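All remarks here apply to the structure that follows.
This structure is a prediction, so every number in the text was calculated from the model and none was measured. All values below come from the heavy atoms of this structure, side chains included, with hydrogens, waters and symmetry mates left out.
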Amino acid sequence: MASVIVLVAIAIMIVFFILYKKPVKKINLPSNYREILTTNVNFYKQLDEENKRLFEEKVKESLGYVRIEGIDTNVEDLDKLLVASSAVIPVFGFEKWKYFNLDNVLLYPETFNKDEFLASGYEKNTLGMIGNGPMQRVMILSKPALRNGFLIRESVANTGIHEFVHLLDKEDGAVDGLPEALLNRKHNQEWIKLMDDNIELIVQQRSDISSYAASNKSEFFAVISEYFFNQPQLFKKNHEDLYRLMSLIFNQEPVKE
């Protein structure tokens, strides 16, 4: 009974977040935002001063039109900056980009059940998801998973980037691993073949890419995007062809020569 009450409460809150369209506005970042970003976001730390200022402006803009709310957890400045960084990193190579398919990000205190959106019960193993149907324009993230994606420096995983890449994939109407809004059409067949070939290598356990990437092509694209941005040097060394095409998709070269 208690779980039903919690589920109803969360459903009401989600509907409220969807219906309440907070206007885009200019926000003030916390006074120590540069320290937080430098300490926790390696992508930002490696930028030159001009691009750091650009990154900061994009973070401000993102926080101005996406609401970040905690479900049974507090949302700290660190969490807001990490969500915004997750949004900015994949599209940093584009002068102007807004996630028009996102209004709200909900942070959960731990992993959750993707079917009931509860942080309790069986199969409580979801780190993040983007919504469909009544949850359109909503993203849910596990707060610990969000943080670990940035704080564990040697990791190739980043849940925040993973979910925002799903949103980019969705821009053309289908979450299918083929980001037609970003990739020049002439590269489509090469990209599809690279996905197929690498998924086969993963299935054969002949790849260092996470086995979850073999679930389907949309998960493949999201998983290798985590790897591409979190450990770009290693990714380029181990997956040169993928790195080359992903640099075209995201219009950026994370490995500095």
Side-chain angles (χ1 to χ4, degrees), residues 43 47 51 54-55 58 61-62 65-66 85-103 128-133 136-139 156-204 206-257:
F43 183 97
L47 296 174
N51 279 311
L54 177 60
F55 190 95
K58 288 178 179 289
E61 182 181 49
S62 176
Y65 69 87
V66 175
S85 294
S86 300
V88 169
I89 288 170
V91 296
F92 190 68
F94 302 99
E95 184 177 354
K96 293 183 180 180
W97 186 282
K98 284 187 179 179
Y99 292 89
F100 291 105
N101 51 2
L102 180 68
D103 290 330
M129 63 179 289
I130 57 173
N132 291 298
Q136 197 75 248
R137 306 174 72 85
V138 175
M139 178 186 293
V156 300
N158 188 301
T159 297
I161 289 175
H162 182 110
E163 297 306 326
F164 276 97
V165 168
H166 276 320
L167 283 182
L168 294 177
D169 191 5
K170 195 177 183 180
E171 280 290 323
D172 59 11
V175 186
D176 57 3
L178 182 60
E180 294 183 270
L182 305 178
L183 183 63
N184 190 304
R185 187 181 298 272
K186 68 181 181 181
H187 297 296
N188 282 359
Q189 291 307 311
E190 182 183 5
W191 176 245
I192 291 170
K193 185 176 187 308
L194 272 177
M195 285 197 293
D196 288 338
D197 289 348
N198 278 275
I199 287 173
E200 182 61 29
L201 289 174
I202 295 168
V203 170
Q204 295 173 2
R206 296 168 53 203
S207 174
D208 68 330
I209 297 171
S210 168
S211 60
Y212 187 60
S215 303
N216 54 58
K217 289 179 180 178
S218 67
E219 293 301 345
F220 177 83
F221 179 43
V223 167
I224 64 169
S225 296
E226 301 175 62
Y227 192 167
F228 177 79
F229 286 113
N230 258 33
Q231 298 292 340
Q233 290 85 1
L234 184 63
F235 186 78
K236 184 176 183 180
K237 176 184 175 182
N238 292 342
H239 307 280
E240 188 173 356
D241 287 343
L242 281 173
Y243 178 90
R244 175 178 53 81
L245 269 189
M246 292 185 71
S247 294
L248 294 177
I249 290 172
F250 294 116
N251 194 34
Q252 52 184 307
E253 284 263 8
V255 174
K256 311 303 179 186
E257 299 296 341

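Between atom CE of residue M139 and atom CG of residue D103 there is a gap of 11.5 Å, rounded to the nearest 0.5 Å. Expressed to the nearest 0.5 Å, how far CG of L234 lies from OH of Y227 amounts to 3.5 Å. In this structure, the separation between CD1 on I209 and CG on N198 is 5.0 Å, given to the nearest 0.5 Å. Note: F221 CZ to L183 CG = 8.5 Å, rounded to the nearest 0.5 Å. Atom OG1 of T159 is separated from atom CE of M129 by 13.5 Å, given to the nearest 0.5 angstrom. One distance of note links NE2 of H187 with CG of L248; it measures 5.0 Å at 0.5 Å rounding.
Closest approach of L102 and V138 over heavy atoms only: CD1-C, 4.0 Å. Taking both residues in full, the closest heavy atoms of I161 and P90 are given as CG2-CG, 4.3 Å, listed atom of the first, atom of the second, then distance. Nearest heavy atom pair, residue I199 against residue A213, reads CG1-O, 4.1 Å. Nearest approach of V255 to Y243, heavy atoms of both residues: N-OH, 3.1 Å. Residues N251 and G93 share a closest heavy-atom pair of ND2-O, 2.6 Å.
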Between I89 and F55, is a side chain to side chain contact (heavy atoms under 4.5 Å, CB included) present by the stated rule, with each step listed? CA-CA 8 Å; I89 288 170; F55 190 95; 3.9 Å; yes
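Take D169 and apply the side-chain hydrogen bond (donor to acceptor under 3.5 Å, both in side chains) test, not counting sequence neighbours, and it matches no residue. Applying the side-chain hydrogen bond (donor to acceptor under 3.5 Å, both in side chains) criterion to D241, with sequence neighbours excluded, gives no partner residue. Every residue meeting the side-chain hydrogen bond (donor to acceptor under 3.5 Å, both in side chains) condition with S218, not counting sequence neighbours, appears here in chain and number order: N216. Judged as a side-chain hydrogen bond (donor to acceptor under 3.5 Å, both in side chains), and not counting sequence neighbours, the contacts of H166 are H162, E219. Judged as a side chain to side chain contact (heavy atoms under 4.5 Å, CB included), and not counting sequence neighbours, the contacts of Q252 are F43, F92, F229, F250. Remark: S62 pairs with A84, A87 by the side chain to side chain contact (heavy atoms under 4.5 Å, CB included) rule, at least two apart or across chains. Every side chain to side chain contact (heavy atoms under 4.5 Å, CB included) that S210 has, sequence neighbours left out, goes to Y212, V223. In terms of the side chain to side chain contact (heavy atoms under 4.5 Å, CB included) criterion, residue partners of Q189 (sequence neighbours excluded) are, by chain and number, I192.
Ring planes of F220 and W191: tilted class, angle from 30 to 60°. In this structure, H239 and F235 have tilted ring planes: the angle between them lies in the 30° to 60° band.
Taking the side chain as every heavy atom from C-beta outward, L242 and F228 never approach each other to under 4.5 Å. Considering only heavy atoms from C-beta on, Y99 comes within 4.5 Å of L168 through its side chain. By the 4.5 Å heavy-atom criterion applied to side chains, K58 and L54 are counted as neighbours.
Under a 3.5 Å cut-off, the side chain of Y65 and the backbone N or O of K98 do not form any donor-acceptor pair. Judged by distance alone, the side chain of N158 and the main-chain N or O of E226 form no donor-acceptor pair under 3.5 Å.
Residue pairs meeting the salt bridge (Lys or Arg N to Asp or Glu O under 4.0 Å) criterion with at least one member in residues 188-198, sequence neighbours excluded, are E190-R244, K193-D197, D196-K217. Every pair tested for salt bridge (Lys or Arg N to Asp or Glu O under 4.0 Å) that includes a residue from residues 171-188 fails, sequence neighbours excluded, so the list is empty.
Applying the 6.0 Å contact sphere to CD of Q204 captures more than 12 heavy atoms from other residues, nucleotides or ligands.
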